[in-house]
Structure formats: structure tokens, C-alpha cells
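Notes to accompany the following structure.
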Amino acid sequence: MSSILSTSTYTRLPGSGIRRQGFLAVTATRNTLWKGDDHLLSVDLTGFTETYKRFYFRDIQAFLVRKTRRGMVWNVVFVVLAALSSQLFLARTRPTMVTAAVLTGLFLWCLLVNWLRGPMCICHLQTAVQTEELPALRRLRTARSFIAAIRSKILEAQGAMPA
């Protein structure tokens with residue numbers, strides 16, 4: 001991947017996603033998360049450029065995970081598109097019926113995949129200085145496994161909280 005990740009001992013953490021950059025972006029910025037010895041590394045990859053943000057485990061105050069309705073909205077969109085494409089069956093010509101079957105199958109497949117991946121969420125990492133969105137964590141299941149993967153490192157760096 002990059003020189004910084006190949007020279008240190010990093011472990012890739014679950015999740016990868018695209019960082020939103022306004023309504024219409026020309027290039028996509030891919031985000032991944034890596035666990036180092038004493039920090040969490042967020043890597044943004046845009047074309048041939050990588051940007052790194054380092055969050056030391058001792059500085060992390062909270063992970064804010066908020067469930068969203070985005071997955072449900074996509075499910076509704078796929079159902080509506082499947083219903084509209086299935087209306088092509090009414091034309092009763094062979095090419096149109098084949099096109100309708102392919103499109104309906106495609107939208108139903110997208111619906112199934114989105115439903116099986118589970119609910120969507122937005123995850124932020126909070127430190128004393130900033131609150132940073134983690135685009136790699138867009139699914140609730142991924143966010144939970146991510147937090148479970150680094151919980152021990154945070155407890156090691158900060159110590160256990162008193163009861």
C-alpha cells in the first residue's frame with residue numbers, strides 16, 4: 001500500500017468507505033482504518049495521494065455511533081425500481097420481457113444484498129481537540145466489530161474506568 005504502512009506494524013481494521021465531499025465530487029476518497037501499537041491510523045486515498053490522520057489511544061474519548069435510515073431508504077428505492085421495471089412485462093414482446101426480467105432481477109438482488117448487510121450508521125471518533133467522522137464504518141455490524149477490535153488497546157493506554 002504505502003511506505004508508512006509497510007515499515008510499521010499495522011493491522012487493518014474492519015470497514016472501508018468513501019468520504020463524502022459535498023453534493024457532487026469529481027474524485028472519490030476511499031477511507032480505511034489501521035491499528036498501530038499506540039494509535040489508530042485513518043488513511044484517505046484519493047487517486048495517487050494518501051492522507052493520514054493519527055489518533056493516539058490515550059487521547060480517544062468516545063466513539064459516537066448513530067444508526068441512520070439510509071439503508072431503509074435504499075431498500076425502498078430498490079423496491080420501487082423493481083416494481084417499475086417489472087411493469088415492462090406488460091409490453092408482451094420478447095426483448096422487452098427479457099429486459100424487464102434482467103432489470104427486476106438486478107434491483108431485487110441489490111435489495112437482498114443491502115438488506116443482508118444490515119442497518120447503516122454514521123460513526124465519529126471524539127478526542128479533546130476534534131470530532132472526526134470515520135467513513136469506513138457505514139454499517140452497524142462493522143462499527144461494532146471495529147470497536148471490539150480496538151477496545152483492549154484503548155483500555156491498555158487509558159486504564160480501566162473506576163466503578
Residues S42, N31; criterion side-chain contact (heavy atoms from CB on, under 4.5 Å); working and verdict: CA-CA 7 Å; S42 175; N31 178 259; 2.9 Å; yes
Apart from L106 itself, residues in the same hydrophobic cluster as defined by side-chain heavy atoms under 4.5 Å: none
Cluster companions of V65 among Ile, Leu, Val, Met, Phe, Trp, Tyr (side-chain spacing under 4.5 Å): L13, L33, L40, F55, F57, I60, F63, L125, L134, L137, L140, F146, I147, I150, I154
Inter- and intrachain pairs under side-chain hydrogen bond (donor to acceptor under 3.5 Å, both in side chains), touching residues 139-151, at least two apart: N114-R139
Summary of side-chain hydrogen bond (donor to acceptor under 3.5 Å, both in side chains) pairs that have at least one residue in residues 93-112, sequence neighbours excluded: S85-T104, T93-T96
Going by the rule side chain to side chain contact (heavy atoms under 4.5 Å, CB included), which residues pair with [X] if we only count those two or more places apart in sequence or in a different chain?
{"X": "I122", "value": "R66, T68, R70, H124, E133, R138"}
{"X": "V80", "value": "V76, L84"}
{"X": "A62", "value": "L64, Q126"}

Intermediate values then yes/no, ring-ring contact (aromatic ring centres under 6.0 Å, His included), Y10 and H39: CA-CA 10 Å; Y10 285 98; H39 63 276; 5.4 Å; yes
Atom pair [atom1] ([X]) and [atom2] ([Y]), whose distance is rounded to the nearest 0.5 Å:
{"X": "K35", "Y": "S152", "atom1": "NZ", "atom2": "OG", "answer": "5.5 Å"}
{"X": "K153", "Y": "R58", "atom1": "NZ", "atom2": "CZ", "answer": "13.5 Å"}
{"X": "L45", "Y": "T32", "atom1": "CG", "atom2": "OG1", "answer": "7.5 Å"}

Within-4.5 Å side-chain heavy-atom neighbours: W115 and V113: no
Side chain to side chain, L111 and V79, heavy atoms closer than 4.5 Å: yes
Step-by-step side-chain contact (heavy atoms from CB on, under 4.5 Å) determination, Y56 to D38: CA-CA 6 Å; Y56 287 95; D38 62 345; 3.5 Å; yes
Same apolar cluster (I L V M F W Y, side chains within < 4.5 Å links), L112/L108: no
By salt bridge (charged side-chain N to carboxylate O under 4.0 Å, His left out) - contacts of K67 (at least two apart): none
Under the salt bridge (charged side-chain N to carboxylate O under 4.0 Å, His left out) test, residues paired with D44 that sit two or more places apart: R19
Nearest atoms (heavy-atom pairs only) where A83 meets S86: O-OG, 2.7 Å
Residues that F78 engages under ring-ring contact (aromatic ring centres under 6.0 Å, His included), provided they are two or more places apart: W74
R12 atom CZ, over 12 foreign heavy atoms within 6.0 Å: yes
Residue pairs involving residues 99-125 (criterion salt bridge (charged side-chain N to carboxylate O under 4.0 Å, His left out); sequence neighbours excluded): none
T127 (side chain) donor-acceptor with Q130 (main chain) under 3.5 angstrom: yes
